Structures are given as C-alpha cells and as structure tokens.
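A quick write-up on the structure given underneath.
Quick caveat, the model's predicted, so the values are computed rather than measured. Lettering follows sequence order; numbering is per chain, from 1.
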Amino acid sequence: MKNNLTIYNTLSRKKEKFEPINPPFVGMYVCGPTVYGDAHLGHARPAITFDLLFRYLKYLGYKVRYVRNITDVGHLVNDADEGEDKIAKKAKLEQVEPMEIVQKYANSYHRNMAQLNTLSPSIEPHASGHIIEQAEMVKQILKNGYAYEVNGSVYFDIEKYNKKYNYGKLSGRKLEDLTANTRELAGQSEKKNPFDFALWKKAEPEHIMRWPSEWSDGFPGWHLECSVMSTKYLGEKFDIHGGGLDLQFPHHECEIAQSKAATGEDAVKYWMHNNLITIEGQKMSKSLGNFITLDEMFSGENDLLEQAYSPMVVRFFILQAHYRSTLDFSNKALQASEKGLQRLFKGMETLDKIKPSKESSINFKDIKDKSFNALNDDLNTPILIAHLFDGIKIINQLYSGDETINDTDLTDLKNFYKLIVFDILGLKNENKGQKTDNKFEEVVNLLLNIRLEAKKNKDFETSDKIRDELNKLGIVVKDKKDGFEWEIQ
RNA sequence: GGUCGCGUGGCCGAGUGGCUUAGGCAACGGUCUGCAAAACCGUGUACAGCGGUUCGAAUCCGCUCGCGACCUCCA
C-alpha cells in the first residue's frame, strides 16, 4: 500500500510520514461527544476532520476501523458537586432517567452528523457498556503499582508513574510545573498529589449513575473509557488517536499514562488534534455558553445568526480552514462559504454540459497532482479547494469553447471532481434531488412561459410583473439565452 | 503566574527565506440582458510594531504591543 500522506503528530510536533503499524489495516480512535446536550458547531469540527481522514484513508486502499466513543457515564462536574456527574445532573433537572438523556442526545448527535454527511464510525462504543472492562484496567494498573485505593476510590499515582515514564510528553508539561500550578481543590484530600486523577470514584448517595465494583459502588474516572475502548477494539497499539485540542491536556495525557501503566506500551502512534472554533476570537464552548447548536445553524434560530446555513455550507466552511488552525465564526465568513460552495457546484454542473472535442488544449494533470499533494500535506483542504477553484476557471473556458478537451480527458476530469468533492471532501449538492411537487413545477413553468410570450411581444409590464411577483413568493427567475430557469430560495 | 500558540489586503483564510498575483467572499470594471437577476471574464490593496541575521524576510532571531488556548468539564 503506497501513499505519500504526512500527518502532524502532536507527540513529535512535526509532520510525519503516515505508515500504519499493520498495513493494510488502520486503527483510528476519535474522542466523541458527552451526550448531555445538543451538538454545537464545535462538535462538527473533529467529526468532519476525522471523517475526511477516514474517507481519504479508505480511498488510499486501507482497511480502516474507525472507533468513536459516546461518553454516557458522566464526569465529575467540579469539586462543588463532586460525586455528581453531568448526565445525572441533567437527568434530575428534567425528571427523567439518565439513560433517557443519553438516548435523546445521542440520537440528535447522530442526526446532526448525518446531516453533515459524515460517515458512521465502524464502531461507536458507549462508556456505560464497558464498565467491566474499565474495572479490569483499574485492576491492572493497581497490580502494576501505578494506582492506589482510598476509601473506595482509586487514583492514578502520577508521581510514581513519572519516575519511570514521562508524564506530560504529549502536552509538553513538566511535573514540577504542574505541582506549582495545580490548584488546591477542596475535598481532594484523598489524593496523594493534587494532580493525581481518579480511575474509579466511589459514588455519593445522591449519585444515581453507579456500578458495583470491588472498591465501592461507583463509577469509572473520566479518562478511562478511551484507554479501555481503544484497546478493546483497536489493540494495545494502534495508529491514530484524534480529538479536539482542548482534550490534549489532561484527557489525552492521562490516557497515555493509563495505557502505558496498564500494558507497558505506548498505545498510539499518531496523535492528532483539531483546533477550536472561535466566536469573536473566543473559544466556542459549552462552558462559556457562547455556542451555536447545529440545529440552530441549520434553522437560523439563534440571535447570532443572520440566516440559516445548510449542513453542507457548514461542512465547506470548516474544510476551507486547515484543521489545526482556529476558525472564527462569523456570518460574513459563512455567507462567503455559501457563495463559494455554490460556485463549486455550479462549475461541476457546467462540467457535465461540456461536449468533448477531438483534441485537448488543456492539461489537467498539474491541478490533479497539486490537489493530491495538498491532501497529502497533513490534509491541507484549503489549498486543495483553491486548486478546485482554479479548475473551475478552466471548466468555464472549456464550456465557452475557449479551450477544448477530448473524451478521455473529459471523463477523467469528471471522475476527479466527483472523487474529490463527493467522496473525499464528503460534500453533496443539496439542491439536487430536492424534488418539488410536479404540479407546482408545471404551474410555475406555465407562468414563465406566459412571461416569455409577453417578452416576445415586448409587453415588459406583464413580464416584469410575473417576475417580481414570483420573486416575492421566493421564486427566483433566471433568464437564459432561450428560455428560463428558476429556483426556490 | 506556568506552558503553548497566533497577529496576512474590506472580511474569511493558505503560504513560512528569493515567482503563489494562493483561493473564496465583498468591491470595482466588462460581457450578456428590453431592464434586471444569475452566470462568466478582468482588476486592486497585505503580511502588528521596532531592531537584528542575510545578497535577499511576511517567512529566521530578539524585544514591544495586541489576542487566544491549556493548567477545571469541554470538540
């Protein structure tokens, strides 16, 4: 299996050639959502970034197993309500079962991800379905001496771990700095060191999500599920682990420590982190409350939104920035993406109308090569898209007859655009296949044919009236050389 | 406070030593049109500031200013 793909590895802080541990198989684990609220724009970014990678790796011929978890056990909210997890909290608020919350938001997450045209992961494990496995890993870490039990809770012993291994290598932190900077949180006296983290936490009486274990009735620590489920489904060593940049520390750092402490192996070869979406320069996040849910994006129902943005516009917007850069949300930027996406699809429609000639006056190889080079360069989709637009210019020249293309090249060109735009970038033309009612279409066509006649008779008063009135109803009329086109806005 | 990152033309957003006019949107001009719209073609403006290294820096180094991320749940 040959490829020229390089990806940026957070571990080395460099772009590295992508070489799977066990080709042609590739194991990829991505941190999924905690299902306690509607998915927002921020959730779309890793989903789309790693969907792109999933699609591209498959195109390259790899057999990819893509695992993305659903966190439904809940994490500690903070020390003020220690012992209460965020899912249980929401459940009490709404007077429903915790698993009902999980089901509800998992469903809406899946719906949103389908709207964004992301492929389903190969496996989507729930943390709650892997309590036994998590307890097993706790035992293993205890047995290896990197954890200690206090009052029914089990904590990871970072100081001890750091004597043999390197805690902080992913995020570039040093234990001394952590010691100096970790806040002294109340109720943490159980821990040897404030930076130790829970592997198993004893549940307080009011805590409704709990499972029996040899230490206590409780629940697993919040870093554990990813170590456990990635190991279970991808093995002790696997290729790619992805997630949002905000998970780098402490979540992924702790994952590394847990896996190493349990198995003695470095589980992950390539760590990948997508950057965050900002709004007015600030991170969009649940905790800051400045987020826009995906449902709101698609419906326009949020005060920050001037209009609705379709799922493909959101996807294209995200792909127009490199995944390791922050991306600032604004209506202007989204509107620019909307127009750009229209131009891209319009170009592809034009491509279908081109008639082949005997000879080709153009050479598309350059654009093709550059496109794949961009993709291979750590998934540089903004560059890739720029090349696609360069190609659109050529397509228009072919259509106008300023350039020519032969049959073979034309087929090749069409296949290239379909491959990149539909299969790899995962975009789809939403206007296509949006069938309106046949009778309705006939009626509009009838009106426009009357208008055409009026125009022929130079009765512009009537023709303009029909155009303007249709416009008021949201039907945009576009005159063509011999006839018309129309669309519903 | 500690660690890390960023600051590109009206906006978004690539590029990281010498030609990339990156690209998109907007703006302006044109073609088309009865007029429009749409579409297409064409055009301009940039690298936060100061200093240094270099034949040459948006790109490397230093300082200053501004912004952000992580250190607490987060995609």
Side-chain angles (χ1 to χ4, degrees), chain A residues 13 30-34 36-37 39-50 71 74-80 85-86 168 171-174 176-183 185 195 222 242-251 253 273-278 281-288 291 316-317 320-322 324-344 346-347 350 370 374 380-390 392-393 396-397 399-400 402 455 458-460 463-464 467-468 471 476-481 484-487:
Chain A
R13 314 250 158 187
V30 176
C31 287
T34 304
Y36 68 110
H40 61 80
L41 201 48
H43 292 96
R45 198 155 195 206
I48 288 170
T49 299
F50 294 105
T71 298
H75 305 151
L76 301 176
V77 174
N78 56 45
D79 56 310
D85 75 39
K86 59 175 63 157
S171 56
R173 268 157 234 262
K174 292 191 166 48
E176 310 86 79
D177 299 336
L178 286 172
T179 313
N181 289 308
T182 307
R183 290 181 219 170
L185 296 177
F195 42 71
W222 59 280
L245 193 59
D246 50 350
L247 296 177
Q248 187 179 308
F249 187 91
H251 184 55
E253 203 69 75
H273 293 94
N274 61 277
N275 214 318
L276 308 177
I277 289 183
T278 60
Q282 261 211 326
K283 171 173 117 167
M284 184 182 287
S285 75
K286 212 139 228 167
S287 47
L288 292 171
F291 61 93
F316 190 63
F317 171 67
Q320 270 187 305
H322 189 260
R324 280 191 290 113
S325 300
T326 55
L327 173 60
D328 199 51
F329 164 86
S330 71
N331 282 283
K332 258 186 154 179
L334 261 302
Q335 284 156 7
S337 291
E338 185 172 49
K339 289 278 181 62
L341 184 61
Q342 277 170 12
R343 182 171 155 81
L344 181 63
K346 188 92 192 165
T350 304
K370 283 180 176 170
N380 199 328
T381 50
I383 292 286
L384 168 64
I385 290 168
H387 293 313
L388 292 179
F389 279 114
D390 287 340
I392 295 295
K393 202 161 276 183
N396 285 326
Q397 286 170 339
Y399 185 58
S400 66
D402 293 331
K455 275 175 67 179
K458 303 224 185 284
D459 178 6
F460 297 124
S463 73
D464 287 356
R467 182 176 67 196
D468 295 346
N471 222 320
V476 182
V477 180
K478 296 170 183 174
D479 285 354
K480 307 297 278 189
K481 275 196 186 99
F484 53 79
E485 271 181 10
W486 59 273
E487 63 185 28

Could you measure between the two P atoms, the one in G42(B) and the one in G24(B), and give it in whole Å?
10 Å
Rounded interatomic separation in angstrom, taking CH2 from Trp486(A) and C1' from A36(B):
20 Å
Strictly below 4.0 Å: does Arg343(A) bring a side-chain N or O up to OP1 or OP2 of G24(B)?
yes
Within the 4.5 Å heavy-atom criterion, are Asn275(A) and Arg45(A) side-chain neighbours or not?
yes
Scan Lys174(A) against the nucleic acid and name what it touches under 4.0 Å (heavy atoms): base, sugar-phosphate only, or nothing.
nothing
If we take the P atom in both C61(B) and G29(B), what is their distance in whole Å?
45 Å
One should read off an interatomic distance between Leu384(A) CG and His322(A) NE2, to the nearest 0.5 angstrom, of 11.0 Å
Map Pro33(A) and Asp328(A) onto RNA chain B by nearest heavy atom, then report which one ends up closer to the 5' terminus.
Asp328(A)
Please state how far atom CZ in Phe195(A) lies from atom P in C71(B), giving the value in whole angstrom units.
16 Å
RNA chain B in dot-bracket, Watson-Crick or G-U pairs under 3.5 Å, [ ] crossing, | other strand?
(((((((..(((.....[....))).(((((.......)))))....(((((..]....))))))))))))....
CD1 of Ile392(A) versus P of C40(B): gap in Å, rounded?
9 Å
Between G13(B) and G1(B) - C1' atom distance, rounded Å
34 Å
Spacing of the C1' atoms in U53(B) and G18(B) (rounded, Å):
16 Å
Do the side chain of Asp479(A) and the base of A36(B) come within less than 3.5 angstrom through a donor-acceptor pair of N or O atoms?
yes
Is Ala386(A) touching bases, backbone alone, or none of the nucleic acid, heavy atoms closer than 4.0 Å?
base
Rounding to an integer number of Å, can you tell me how far Ile277(A) CD1 sits from C6(B) P?
19 Å
Hey, does Leu341(A) reach any base, or is it just sugar-phosphate, or nothing, if we go heavy atoms under 4.0 Å?
nothing
Candidate nucleotides C12(B), C74(B), C25(B), ranked by approach to the side chain of Ala333(A) - the nearest:
C12(B)
When we call it a touch if two heavy atoms are under 4.0 Å apart, what does Lys332(A) touch: a base, just sugar-phosphate, or nothing?
sugar-phosphate
Closest to the 5' end of RNA chain B, once Gly32(A) and Thr278(A) are matched to their nearest nucleotides, is Thr278(A)
For nucleotides 14-21 of chain B, tabulate all protein N/O to nucleotide N/O atom pairs closer than 3.5 Å, reporting atom names and distance.
residue	atom	partner	partner atom	Å
A14(B)	OP1	His322(A)	N	2.8
A14(B)	OP1	Ser325(A)	OG	2.9
G15(B)	OP1	Asn380(A)	ND2	3.3

Look at the side chain of Phe389(A) and decide which nucleotide, out of C12(B), A37(B), G23(B), has an atom nearest to it.
G23(B)
Look at the side chain of Cys31(A) and decide which nucleotide, out of G24(B), A75(B), G13(B), has an atom nearest to it.
A75(B)
Using a 6.0 Å cut-off, check whether atom CZ of Phe249(A) has over 12 heavy atoms from anything other than its own residue.
yes
Between G10(B) and C70(B) - C1' atom distance, rounded Å:
33 Å
For nucleotides A75(B) and A57(B), find the distance between their P atoms and express it as a whole number of Å.
46 Å
So for Arg467(A) and A36(B), does any side-chain atom that can act as donor or acceptor lie under 3.5 Å from a complementary atom in the base?
yes
Using atom types as modelled and distance alone, determine if a side-chain donor or acceptor of His43(A) lies under 3.5 Å from a backbone N or O of His40(A).
yes
Do Phe460(A) and the base of G34(B) stack face to face, with centres under 5.5 Å apart and an angle between planes under 30°?
yes
Taking the side chain as everything from C-beta on, heavy atoms only, tell me whether Asn380(A) gets closer than 4.5 Å to Pro382(A).
yes
Taking only side-chain nitrogens and oxygens of Asn471(A), does any of them come within less than 4.0 Å of OP1 or OP2 of A37(B)?
no
Heavy atoms, side chains only, cut-off 4.5 Å: are Trp222(A) and Thr34(A) in contact?
no
Is there a donor on the side chain of Asp464(A) or the base of G34(B) sitting less than 3.5 Å from an acceptor on the other?
yes
Can you measure Asp402(A) atom CG to A39(B) atom P for me and round it to whole angstrom units?
19 Å
Which nucleotide, C70(B), G10(B), C41(B), lies nearest any side-chain atom of Phe249(A)?
C70(B)
Hey, does Leu276(A) reach any base, or is it just sugar-phosphate, or nothing, if we go heavy atoms under 4.0 Å?
base
Worked check of side-chain contact (heavy atoms from CB on, under 4.5 Å) between His251(A) and Asp246(A)
CA-CA 9 Å; His251(A) 184 55; Asp246(A) 50 350; over 6 Å; no
side-chain hydrogen bond (donor to acceptor under 3.5 Å, both in side chains) involving Glu253(A) - partner list, sequence neighbours excluded
Ser171(A)
Pick base, sugar-phosphate or nothing for Gly244(A), based on heavy-atom distances below 4.0 Å to the nucleic acid.
sugar-phosphate
Please confirm whether any donor atom in the side chain of Lys283(A) sits under 3.5 Å from an acceptor in the base of C74(B), or the reverse.
yes
Using a strict threshold of under 4.0 Å (side-chain N to carboxylate O), is an ion pair present between Lys393(A) and Asp390(A)?
no
With heavy-atom distances below 4.5 Å as the criterion, would you say the side chains of Ile392(A) and Leu344(A) are in contact?
yes
Gap between atoms NE2 and P, on His387(A) and G24(B) respectively (whole Å)
12 Å
Does NZ in Lys174(A) sit with more than 12 non-hydrogen atoms of other residues, nucleotides or ligands closer than 6.0 Å?
no
Quickly work out the Leu247(A) CG to C71(B) C1' distance and round it to whole Å.
14 Å
Taking atom CG of Leu245(A) and atom CG of Asn274(A), what is their separation to the nearest 0.5 Å?
7.5 Å
Taking the same atom, P, in A36(B) and in G49(B), what whole-Å distance lies between them?
43 Å
Between atom CG in Leu388(A) and atom P in G23(B), what is the gap in whole Å?
13 Å
N-O pairing of Lys455(A) and Asp479(A) below 4.0 Å:
yes
Rounding to the closest angstrom, what is the interatomic distance between G7(B) and C47(B) at atom P?
14 Å
